[in-house]
Every structure is written in C-alpha cells, then in structure tokens.
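Indexing begins at 1, ligand by ligand and atom by atom, following the structure's order. Throughout, residue positions are numbered sequentially from 1 according to the sequence presented.
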Amino acid sequence: MSLLLSPVNLAKLSLNNRVVMPPMCMYEVHEKDGEITPFHVAHYGARAIGKVGLIIIEATAVTPDGRLTDQDLGLWNDTQAQKLQELVDSLHFLGSKVGIQLNHGGRKAKDAIYPLAPSAITFSAAYQTPHEMTLDEIRQVQQAFIEATKRAVTAGVDMIELHGAHGYLINQFLSPQTNQRTDEYGGSLENRYRFVKEIIAEIRQFYQGSLWIRLSLTDYAPDDEQNSLEEWQVIGRWLEADGIDCLDISTGGVLDRTPNIPVYPGYQVPYAVALKQAVTVPVVAVGLLDNPGLCESLLQTGQVDLVAIGRGLIRNANWLADAATDLHDQEFEVFNGSYARGKK
Ligand SMILES: Cc1cc2nc3c(=O)[nH]c(=O)nc-3n(C[C@H](O)[C@H](O)[C@H](O)COP(=O)(O)O)c2cc1C
C-alpha cells in the first residue's frame, strides 16, 4: 500500500490518508453575512466523498473587517458557528477529518471599512492604506482569533490552522516588509513574532487539540529585506515550543509582485524541507503536487509528512481515486458502496 493513501496518526489526528485539502477561499458567500451556504456543503462534501483525509475549510475571517472580500466566510458570530457545525457534522459523516483556517486579512482586507495592519503601508494602488494598529486594536484582533477558535472548537472541528502566510495580518507582523513598528510588536524577530505568540498562548489555555499554522517562507524580496531561512527555522522552533502541532509551508503573498521564479511541480518543497530540519513536529508541503508519484516520493523519502493538493482537488474531487490507480494501490478502497462500480 502507498504511504500517500495509508492511514496515519500525527499532530494529534488520526487520518485515513496523507492527502490534505488546503484552505481555498471560494468567495461564495453572496449575502455578505460570512455564513456557510449550500455551495460550501456540496463543495467540501464532494471532496469528503472523494476520501480526502483532512479537509481544511478556507480562510475564515475572525472579524468583519478581517475578510479579504465581503464574499468570505466568517466566524465572529454564533449563527456562523451553527452553520459551521452542520458542515463539520456532514463531513464527519462522510469520513473526513475537518479543520478550519482562521484569518485576518490586515492590509489585504479589500472590502474592509477600517483596514488594520502593523504599519500604515499600502499593499498596492488597488488597496486602501491600512491604519497602524494601536495596542488596543492588537489586543482586540488577538481576542477575535481567540473567540473564533472557541466557536470552531464548539462546532467540532478536528484542527485549527492559523493563517500566518500569504501576506495576511499574522504574516504582516512577521515580515519586516510590512512591520515597521518601534514598540514591542516590531523590530527584532522576537518582537515581530509576539503577535502570534500571544494568540497561541491564549488558545492553549482552553484548547489542547490539533493546532497548525501556515507560513510563507519567503516574501520573494531581496535577502536583506526579508526573514532568512535560518530566521524561519528559529520561528519554527519557537512555534513548536509554544504548542503548534504542525507547520504548513507555503510562500509569497506579502508583496504585490509576481515572483520571477521557475514554477514547477514541488517548487515550494525545499522550504518545507528546510523547516522540517529545524523542528520535530510534522510538516506539510503544498504547491503543484498534483502528481501522486511525486507525493509518494516526498513521503517515502521522509522529506515531508503530509501533502496538500489544492487546484488538483478543485479540478477533480476524485483525485485520490486516480492517485490509487497511478500508484497501483490495490488496497485503497477508492469508493464507498454505491460508488464502487465507478472504479476503473
Ligand atoms: C482558489 C484558491 C483559493 C485559495 N485560498 C487560500 C486560502 O483561503 N488560504 C490559504 O492559505 N491558501 C489559499 N490558497 C492557496 C492554496 O491553499 C495552495 O497553497 C495553492 O493553491 C498551491 O497549491 P496547489 O498548487 O496544489 O493548488 C488558495 C488557492 C486557490 C487556487
């Protein structure tokens, strides 16, 4: 049996396989209320029927002004939490583990009335200039992460992922590109880490379940204008010591630039491997990993612990069934009962 499609216990989770559906915003909330719609139920349900081991529900905002757009999901009120619970129940019924990514867009919250960021630096001409957060505002947004985590836990999710990547608020605190504060939340690496450190510490007061973070390991900026890989390894060790159970490694999004880099299958894997060398918690790779053979090789060689398939799962809800065929994995039960006759 392939490693990709075999069960695994890690990061306090018992998964049916090592395929993760990474968070992907669908912008399908049409009423601007942040609530899950029938689209989300069908969209995630199809991937659960397709046997994805862990589904991470898309970036979900912790405050209305933390949404990237008004079409995003939110988790700042109890109606949103109730609908989340119904979705989580149905995905559990279909056999997948379910997580949710909690986010605040900071300066990239396009529809925000009052966008906040560590420093008043605009992302691009298409965005408003954000307000530099006061210490009170820092506290309020941290508290919003805590309240959203409580709602997600009550809704029954198996894991929580803090969105620390792609240039959103947590990432804005971590990156010297976007954090030019002179108080205890800016300057040194330790100070820039403080915003997320305090969130994690408070979550750990009431939640001992699986807590992940997604990081962008490069801003695609000149070396002397961004955290070095060594500094990210330091952050990785701090995160582990502070109670993070799994690191989900991506890149980019801090700057409004299309990086001039070769993009090939597994192009972000070296960053995940660099972090894996620094920590003992599991590490997830993502980015053009649609080829099941490539995934299997990354797992067999111990480079990473889980693989996330994003656009591949958008194109094909039955990606795992095709992976089983590619990998000649006879033991993986591709479909449940009524779907069995669809097997190739
Ligand atoms: C439509 C779409 C929406 C996305 N939304 C999110 C998101 O909500 N949170 C996040 O961390 N990444 C998001 N991403 C990035 C994906 O999670 C993933 O990292 C990226 O697509 C690379 O993986 P892939 O090559 O397998 O698609 C999104 C990507 C796509 C295509």
Side-chain angles (χ1 to χ4, degrees), residues 4 18-29 34 36 39-40 43-44 46-47 50 52-62 66-75 84 98-106 108-110 145 148 152 157 159-172 174 196 212-220 246-254 258-259 261-272 275 283-295 298 304 306-317 319-320 322-323:
L4 181 66
R18 294 181 191 246
V19 180
V20 177
M21 179 178 183
M24 286 183 286
C25 275
M26 292 286 108
Y27 308 108
E28 284 286 347
V29 179
I36 283 163
F39 171 88
H40 300 98
H43 166 68
Y44 291 113
R47 275 77 198 170
V52 172
L54 172 66
I55 293 174
I56 308 180
I57 295 167
E58 64 202 76
T60 299
V62 299
R67 287 176 291 185
L68 313 183
T69 74
D70 286 346
Q71 285 70 48
D72 291 9
L73 291 178
L75 200 48
L84 175 64
V98 191
I100 190 166
Q101 186 185 56
L102 298 180
N103 191 33
H104 189 295
K108 287 173 78 177
K110 210 166 188 174
F145 271 98
V157 299
M159 63 79 90
I160 307 270
E161 178 171 270
L162 299 173
H163 198 346
H166 303 164
Y168 300 119
L169 188 64
I170 292 175
N171 196 175
Q172 287 161 34
L174 291 170
V196 70
W212 298 25
I213 189 164
R214 189 168 241 204
L215 299 172
S216 278
L217 249 60
T218 172
D219 299 342
Y220 296 110
C246 186
L247 298 169
D248 179 3
I249 302 306
S250 187
T251 68
V254 168
T258 307
I261 51 155
V263 175
Y264 53 89
Y267 71 103
Q268 296 185 136
V269 170
Y271 296 101
L275 256 243
V283 171
V284 188
V286 68
L288 290 179
L289 299 176
D290 305 17
N291 181 328
L294 172 60
C295 296
L298 295 174
V304 295
L306 295 170
V307 291
I309 310 295
R311 288 161 291 180
L313 272 167
I314 290 185
R315 280 190 293 276
N316 178 9
W319 186 90
L320 281 87
D322 290 349

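No side-chain heavy atom of Trp212 sits under 4.5 Å from any side-chain heavy atom of Leu247. Gln101 places none of its side-chain heavy atoms less than 4.5 Å from the side chain of Asp248. Within the 4.5 Å cutoff, the side chain of Asn103 has no heavy atoms near those of the Val62 side chain. Using a 4.5 Å heavy-atom cutoff, the side chains of Leu215 and Ile213 are in contact. The shortest distance between side-chain heavy atoms of Pro22 and Arg214 falls below 4.5 Å. Within the 4.5 Å cutoff, no side-chain heavy atoms of Ser216 are placed close to those of Tyr271.
Residue His163 has at least one nitrogen or oxygen atom sitting less than 3.5 Å from a nitrogen or oxygen atom of ligand 1, judged on distance alone. For a threshold of 3.5 Å applied to N or O pairs, the pair formed by Gln268 and ligand 1 contains no separation below that value. Where the criterion is an N or O separation shorter than 3.5 Å, residue side chain and backbone included, Gly312 fails it with respect to ligand 1.
Near Arg311, with a cut-off below 4.0 Å to any heavy atom, the atoms of ligand 1 are 21 (O), 22 (C), 24 (P), 25 (O), 26 (O), 27 (O), 31 (C). For ligand 1 and Pro22, the ligand atoms under 4.0 Å from any heavy atom of the residue are 17 (O). For ligand 1, the atoms lying closer than 4.0 Å to a non-hydrogen atom of Gly287 are 22 (C), 23 (O), 25 (O). Residue contact check: Leu288 has heavy atoms under 4.0 Å from atoms 24 (P), 25 (O), 26 (O) of ligand 1. Proximity to Gln101 (heavy-atom distance under 4.0 Å) selects the following atoms of ligand 1: 7 (C), 8 (O), 9 (N), 10 (C), 11 (O). Close contacts between ligand 1 and Ala59 involve ligand atoms 8 (O) [criterion: under 4.0 Å to a heavy atom].
Proximity of atom 20 (C) of ligand 1 to the protein is not indicated, since no non-hydrogen protein atom lies closer than 4.0 angstrom.
Regarding atom 5 (N) of ligand 1, its nearest protein heavy-atom neighbour is Cys25 N, 2.8 Å. Protein heavy atom closest to atom 30 (C) of ligand 1, with residue, atom name and distance, is Met24 CG, 3.9 Å. Nearest protein heavy-atom contact of atom 10 (C) of ligand 1 is Arg214 NH1, 3.3 Å. Of all protein heavy atoms, the one closest to atom 26 (O) of ligand 1 is Gly310 N, 2.8 Å. Scanning the protein for heavy atoms near atom 18 (C) of ligand 1, the closest one is Val286 CG2, 3.9 Å. Scanning the protein heavy atoms around atom 7 (C) of ligand 1, the nearest turns out to be Pro23 O, 3.2 Å.
Residue-ligand proximity: Ala165 is placed with every non-hydrogen atom at 4.0 Å or more from ligand 1. The shortest separation from a heavy atom of Leu289 to ligand 1 is not under 4.0 Å, leaving the residue out of contact.
Using bins of under 30°, 30° to 60° and over 60° for the plane-to-plane angle, the ring pair His43/Phe39 lands in the parallel bin. Using cut-offs of 30° and 60° on the angle between ring planes, the pair His40 and Tyr44 is parallel.
With no hydrogens or angles considered, no side-chain donor-acceptor pair links Tyr27 and Glu58 at under 3.5 Å.
Comment: Arg67 does not engage Asp72 in a salt bridge, judged by the lack of any side-chain N to carboxylate O separation of less than 4.0 angstrom. A salt bridge links Asp290 with Arg315: at least one charged nitrogen is closer than 4.0 Å to a carboxylate oxygen.
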